[in-house]
Amino acid sequence: EVLDQLPPKRRTVIPLDLKDRREYQRAVTDFLGWLAEHSPAKARRAARAQTIVQLGELKRLASHLKLPAVFSWVDDWLMESDEKLIVFGVHRKILHALRDRYPGRCVLVDGGVTGRKRQLAVDTFLKKPKCRLFFGNVRAAGTGWSAPGVSTTAFVELPWSPGDVLQAEDRTHGIARGQAGTASHAVYLLAKGTVELPLLELIVRKQKTLNQVLDGGKGEDLDIIDELTKRILKESK
């Protein structure tokens, strides 16, 4: 009732001088170096967080920049082989680019393909001779189905978890999976000189450990991001 009787709202800005302009400017231009002097623990956490973001962006960039080479490899595979191929990736844009490259010859299963649509995609891939390519997100399509008659999987992107890689590989390895008498073959299409190669090295190194964990053993810390971050930080010093 008295709102219209109140005086108008006023706002005032009063610029103040900094005690040390140079210190603030250094925090702007060299934040991690400045933070390390004032709080080493915070600096370590900030560096780790920054590196994790950087690693994620580098993974995405490498995947995007190598797409022409991936297309070329898949084209050659289709020409030189009469088999079907399962291709795993991580990012939606990469998987959709692959799907759009091979219309009429592929199916796609990512996080948006669930229930009957997912089963229809799997059945189409396994039963229709003209459908030779299965493009799947490692998490969404790396478990819960078998690929009898298919012996080869290809990875155009790597997830952080070695467990996800093992599960995806096993679509063509195990009872009622793959081709009888033919070894299951996993192909990794990775960009040279990028973060993808050290990431794969860490995943491979942990394969034995992960098998022990899945078999009930204690194993060791499987935090790939942590190890890769430590490696990048160490190399940057």
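Worth knowing before you read on, the calculation uses all heavy atoms, side chains too, and leaves out hydrogens, waters and symmetry mates. Along the sequence shown, the residues carry numbers beginning at 1.
- When atom types are taken as modelled, the side chain of S72 and the backbone of P68 share no donor-acceptor pair closer than 3.5 angstrom.
- Linking Ile, Leu, Val, Met, Phe, Trp and Tyr residues whenever their side-chain heavy atoms come within less than 4.5 Å places L199 and V165 in a single cluster.
- Taking each heavy atom of K192 and L197 in turn, the nearest pair found is CA-CD1, 4.0 Å.
- Test F135, W73, Y188 against F155 for ring pair (Phe, Tyr, Trp, His ring centres under 6.0 Å) and you get one pass: Y188.
- Using a 4.5 Å heavy-atom cutoff, the side chains of L85 and R132 are not in contact.
- Residues R177 and S146 approach most closely at NE-OG, 2.9 Å, considering heavy atoms.
- Summarising the geometry, atom OG1 belonging to T172 is positioned 9.5 Å from atom CD belonging to Q179; distances are rounded to the nearest 0.5 Å.
- Between the K59 side chain and the L158 main chain, a donor and an acceptor come within less than 3.5 Å of each other.
- Between W145 and F125, the two ring planes are perpendicular [angle over 60°; tilted spans 30° to 60°].
- Contact annotation: the side chain of I94 approaches that of L67 to within less than 4.5 Å [non-hydrogen atoms, C-beta and beyond].
- Connection of L65 to V70 is not established within any shared hydrophobic cluster, with ILVMFWY side chains joined at heavy-atom distances below 4.5 Å, either directly or through further cluster members.
- Between atom CG of residue D76 and atom OG of residue S81 there is a gap of 11.5 Å, rounded to the nearest 0.5 Å.
- L108 and V87 fall within the same hydrophobic cluster, defined by Ile, Leu, Val, Met, Phe, Trp and Tyr side-chain heavy atoms under 4.5 Å apart, directly or through other members.
- Under the 4.5 Å side-chain contact rule for hydrophobic residues, L133 and V150 do not share a cluster.
- Proximity of a side-chain donor or acceptor of N137 to a complementary backbone N or O of V90 within less than 3.5 Å is detected.
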Problem set entry | Residue pair E157, S63: steps toward the side-chain hydrogen bond (donor to acceptor under 3.5 Å, both in side chains) verdict | CA-CA 7 Å; E157 294 181 280; S63 299; 3.1 Å; yes
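- A donor-acceptor pair under 3.5 Å is absent between the side-chain atoms of K117 and the main chain of G112, judged by distance alone.
- Placement of L189 and L61 in two distinct hydrophobic clusters is found when ILVMFWY residues are connected by side-chain heavy-atom separations under 4.5 Å, directly or transitively.
- Side chains of V156 and L98 form a contact here, defined as non-hydrogen atoms less than 4.5 Å apart.
- Shortest non-hydrogen contact noted between R171 and I86 is CB-CD1, 4.2 Å.
- The CG atom of D170 lies 7.5 Å from the OG atom of S184; values are rounded to the nearest 0.5 Å.
- Looking at E196, its side chain never comes within 3.5 Å of a backbone N or O of L190 through a donor-acceptor pair.
- In this structure, A62 and A191 approach most closely via the heavy-atom pair CB-CB, 4.4 Å.
- One distance of note links OH of Y102 with SG of C131; it measures 13.5 Å at 0.5 Å rounding.
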Exercise. Salt bridge (Lys or Arg N to Asp or Glu O under 4.0 Å) between D123 and K128: does it pass, once the steps are laid out?
Worked result: CA-CA 8 Å; D123 291 343; K128 292 191 176 182; over 6 Å; no
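- Residue F88 holds its CZ atom at 13.0 Å from CZ of R139, rounded to the nearest 0.5 Å.
- Listed here is the closest heavy atom pair of L35 and A46: CD2-CB, 4.0 Å.
- Looking at H96, H64, R60 one by one, the single match for side-chain hydrogen bond (donor to acceptor under 3.5 Å, both in side chains) with H91 turns out to be R60.
- Using a 4.5 Å heavy-atom cutoff, the side chains of T153 and H173 are not in contact.
- Residues L126 and A147 approach most closely at CD2-CA, 3.9 Å, considering heavy atoms.
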